[in-house]
Amino acid sequence: MSDSFGKGHHLHLIDGSAYIFRAYHALPPLTRKSDGLPVGAVAGFCNILWGELTKSGREVPTHIAVIFDFSSKTFRNDIYPLYKANRPELPEDLRPQFPLTRAATRAFNVACIEIDGFEADDIIATLARQAVEAGGACTIISSDKDLMQLVGNGVRMRDPMKDKTIDRDEVIEKFGVGPERVVDVQALAGDSVDNVPGAPGIGLKTAALLINEYGDLETLLDRAVEIKQPKRREALINNAELIRISKRLVSLDAHVPLDFTIADLSVLEPEPEALLGFLQEMEFRTLTRRVSDRLQVEAPAVAETPEPKAAAPERLPFDHSTYARVSDLPALHAWADRIREIGHVAVDTETTSLDEMRAELVGISLAVDPGRACYIPIGHKQGGGDLFGSTDLVPGQLALDDVLAVLKPILEDPAILKIGQNMKYDWKIFARIGVTVAPIEDTMLMSSAMYAGLHNHGMDTLSETYLGHTPIPIKPLLGSGKSAITFDRVAIDDAVKYAAEDADVTLRLWQSFQPNLHRAKVTTVYETLERPLVPVLARMEMHGIQVDRDTLSRMSNAFAQKMAGLEDEIQTLAGDRFNVGSPKQLGEVLFDRLGLPGGTKGKTGAYATGADVLEDITTLEDTYPQGAQLAARVLDWRQLAKLKSTYTDALQDHINPETGRVHTSYSLVGAVTGRLSSTDPNLQNIPIRTEEGRRIREAFVAPAGRVLVSLDYSQIELRILAHVADIPSLQQAFRDGIDIHALTASEMFSVPLDQMTPDIRRRAKAINFGVIYGISGFGLARNLRIPRAEAQGFIDRYFERFPGIKEYMSETVKFAQGSGYVQTLFGRKIHTPEINAKGPTAGFAKRAAINAPIQGTAADVIRRAMIRMPDAITHLDAKMLLQVHDELLFDVAEEDAAELTRIAKAVMENAHHPVLTLKVPLTVEAGQGLNWAAAH
DNA sequence: CTCGTCACG
DNA sequence: GACGTACGTGACGAGT
């Protein structure tokens, strides 16, 4: 501990107010159980602060402080009374938490600083300056752009949420100028959130442009008359005083009088009693446990303190040395006995591959109580991973058959719960050796039901977030790259620790999640939409779909030839050889060499060359014939390159040599809305929109004597929208089976249905989709390639015709802002932690919040259909193969095709019953054929 | 390992 | 006359 500050020392300054707001908006409104005191923001604040204090790495501070705003009135209000005048009122349940966050900071034994008349940012500026002048380093932990002017000369920032360092480069990326000119740019651009006026009509982009051209703000104002654009010139000349005031508002005061020195801020260990006392008073169970765990480890003297122990008696630290290795049958039977006694067990399998269809079982781990877990090695091999690793088994392992003789009855026992993290994986591994695991619990799915939108649901995240424990990483065991080994080459002693810990973590997560599932009111979601889908998906994946290698291979060759031809043409047009697949090189050819207009560089400094850009260039035939042709060829080449690399080439590699079929893997938690996602390979994005791409579906075939049947929901999201937004005319149209886009067009543009033109219908269709996505004038304008004003006109008229839509949108956003989540009609929750953010993030969050209930309800509907499907079609020779969001694909014996279509259609159309009655019918369209293209 | 691009609903 | 925007995904090649 140091009582000075200077060279070699490192000061961390935490922007406390920012923490509070992030914490408040990121968490559901938590209250203290005993008296209902709102403490959500305090809880989040403590979690972030504790994370910051226990962070390990090279950037460990020697000195630290949390800085807060004292009040909303500061010296800036004397300069400009309207400063921050349009800030929304503080939420009622947040205000009382402010003093608590100060108390929390002190409880963690961290200096807590606030000074009347100054913003936290000024104090941070002052301390950062002093730190650098004393020869030390300073890291500001905040993502506030107003602090970016301080970066440089030994001062850096770190965004605590993204854990991203903000250095000079990031500042330039954000403001277009270095830190020393940031205030000039801010003074010009103003800030609507803080009510800094700036120059009217000048935004960040223009401001940076001007400052870069003239050097600094004063020079710019002096020479404003030279500016060519009349609007800009007038804006600067007429508002010079306002701009200077703005600069004073955004400039931080680095000379705030302080009654302490940096030396007083040295890092101190928390006093266990004070800290645990505070946390217990707040009734933060998890954090109390986590802190007491940690302090016991680091400060053994505290272990005797009886208080914290009593607070979390059930919590055991993770101790890898207690995990058992099971090498003989008596030991295995002892574990089996304990499992039968308590009726549940956490299970995890270790294998040689992440691909369940090729993975070989290496071992099984079991956990029965927290801290009580074992690993049963079965397939570990000799030879530690060198190239000539033998195929001899390591001695001292039980044989698979002997293990299964004991475990199969347990794994299939309807009275014993099998708990896993991502159970679909283990289910498939066991299924391949003849064991059908049931009933199951899955901590990953529980997390997804409770916390979708807040974080991912991997075991590491869950363990860190809810157990305060970082599991042993797999990387050091397996290595990486060329020298990577498979799990069967891992030393058994290491494997025991790693594998048993996974089961232990899973068990503890399950215990901690159980009560929360009810509290979050998502038990039904978990039990009816998540858990039962596991065996359904596992069977679909294992069955796979037949893909014809020859068809793909022929297409690959044809594509390669066409591409070579196009490449020649492109090189000729360009006058030089370059890599057509490189967007960077292509951009240089188009915009530098050929001098085409419209070249815009993105933030990485590369020209944008996306399809929309290239399409615009193709229209310049008269002025730039060469460039227009080149762009057209590149578009063709790109399409072929995509089809070849992603589909015709890659799919061949995914044909399983044993089954001759392609086995995708669905993720139940990949999408926050509840949609599935598909990987390795992704079979949910096989081409269909272009004729050339569509032919790839001809390679997905039915075996001899069978056919593929495709059933897809017609307009399911629009139907759900018509229901939730309660639009009678749209609902009636769906009931009458009228073309919904044509009807929309007719209502909006007052064109009778029998006089509808394809173009008007196309526009209405774009608007209908836009609404589902949280429409904006900008987005629609870009999609339809029409002026923004016209697009806005369409939207206005749409809202006029269908007022329920606007109401739904604002109600949904309002709900999200109040609660932090939105819900589907089946109760699935999707959290929206960014909904109260400021800036462009808010726009994203709002649109996502509008879309999620619609997309999510549709996802729930097809999940329900899939779960019911197997029982509905048992009497038929048919298999469900694929799901593509609103489509199910079946493989069925020819003679059963008609019956399957009838039944599966009925299951899908009634999937929402009985829990939900919609004011619109759900309809399903069917097709069948010998391949997927023909079935659609 | 990130970015740009593009395939799907 | 721009803070910046349609929603949700996964895979590939290029380039760092």
Side-chain angles (χ1 to χ4, degrees), chain A residues 145 174-175 189-193 200-207 229 231-232 235 579-587 602-614 634-635 638-639 641-647 649-651 654 664-665 667 670-690 693-694 696-697 712-713 715-717 766-767 769-784 788-789 791 795 830 838-856 858-859 862 883-887:
Chain A
K145 62 179 178 1
K174 167 94 192 162
F175 284 102
D191 184 337
S192 58
V193 178
I202 293 194
L204 219 49
K205 286 268 162 63
T206 314
Q229 297 88 338
K231 283 258 171 65
R232 284 184 197 171
N579 184 348
V580 182
S582 162
K584 185 166 175 267
Q585 294 180 30
L586 175 65
K603 53 184 166 185
T604 53
Y607 289 112
T609 66
D612 49 346
V613 176
L614 297 187
V634 172
L635 280 169
R638 283 235 182 112
Q639 197 202 357
K642 178 78 175 183
L643 295 177
K644 182 169 185 295
S645 70
T646 308
Y647 301 104
D649 285 352
L651 273 174
H654 280 287
T664 184
S665 179
S667 168
V672 287
T673 53
R675 273 196 180 178
L676 304 182
S677 69
S678 157
T679 59
D680 305 307
N682 181 354
L683 294 186
Q684 291 182 321
N685 71 346
I686 303 300
I688 190 166
R689 290 175 187 170
T690 66
R694 190 190 171 89
I696 290 172
R697 295 191 174 216
D712 67 286
Y713 284 106
Q715 313 281 14
I716 185 166
E717 293 192 357
I767 297 168
F769 276 106
V771 166
I772 293 173
Y773 298 150
I775 199 159
S776 75
F778 183 93
L780 183 65
R782 203 173 57 166
N783 189 287
L784 286 177
R788 195 176 156 179
I795 294 171
I830 299 112
K838 54 180 185 177
T841 328
F844 282 111
K846 282 180 189 168
R847 292 192 294 271
I850 290 165
N851 174 260
I854 301 168
Q855 189 184 112
I862 196 166
Q883 188 249 43
V884 192
H885 309 307
D886 63 359
E887 172 189 4

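No hydrogens, no waters, no symmetry mates; every other heavy atom, side chains included, goes into these values. In what follows, chains are A, B, ... by sequence order, proteins preceding strands, each numbered from 1.
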request  = Take the protein atom CG of A:Leu643 and the nucleotide atom C1' of C:dC12, then report the distance between them rounded to whole Å.
outcome  = 12 Å

task = Find the distance A:Leu676:CG to C:dT9:C1' and express it as a whole number of Å.
result = 11 Å

task = On DNA chain B, reading 5' to 3', which nucleotide is the first and which the last to sit with an atom under 4.0 Å from a heavy atom of chain A, could you check?
result = B:dC3 to B:dG9

ask   = Base, sugar-phosphate alone, or nothing: which one does A:Val672 contact when heavy atoms must sit under 4.0 Å apart?
value = sugar-phosphate

message = Please classify the nucleic acid contact of A:Arg232 as base, sugar-phosphate, or nothing, using heavy-atom distances under 4.0 Å.
response = nothing

ask   = Considering only the P atoms, how many Å lie between C:dA6 and B:dG4, rounded to the nearest integer?
value = 14 Å

inquiry  = Should the side chain of A:Arg847 and the base of C:dT5 be counted as holding a donor-acceptor pair, with the cut-off at 3.5 Å?
reply    = yes

From the options [options], select the nucleotide whose nearest atom is closest to the side chain of [X].
X        : options               : answer
A:Lys642 : C:dG8, C:dG10, C:dG1  : C:dG10
A:Asn682 : C:dA6, C:dC12, C:dA11 : C:dA11
A:Lys584 : C:dG15, C:dT5, C:dG10 : C:dG15
A:Ser582 : C:dG15, C:dG8, C:dC12 : C:dG15
A:Pro840 : C:dG1, C:dA14, C:dG4  : C:dG4

ask   = How far apart are the closest heavy atoms of A:Ala766 and A:Leu784, and which atoms are they?
value = CB-CD2, 3.7 Å

ask   = Can a salt bridge be assigned to the pair A:Arg782 and A:Asp612 using a cut-off of 4.0 Å between side-chain N and carboxylate O?
value = no

query = 5'-most contact on DNA chain C: A:Ala189 or A:Tyr773, nearest heavy atom basis?
reply = A:Ala189

ask   = Tell me, which stems hold DNA chain C, with a stem being 3 or more Watson-Crick or G-U pairs in a row and both distances under 3.5 Å?
value = B:1-9 with C:7-15

request  = Decide if atom NZ of A:Lys174 counts as having more than 12 heavy atoms of other residues, nucleotides or ligands within a radius under 6.0 Å.
outcome  = no

note = Taken in chain and number order and not counting sequence neighbours, the residues that satisfy ring-ring contact (aromatic ring centres under 6.0 Å, His included) with A:Tyr773 are none

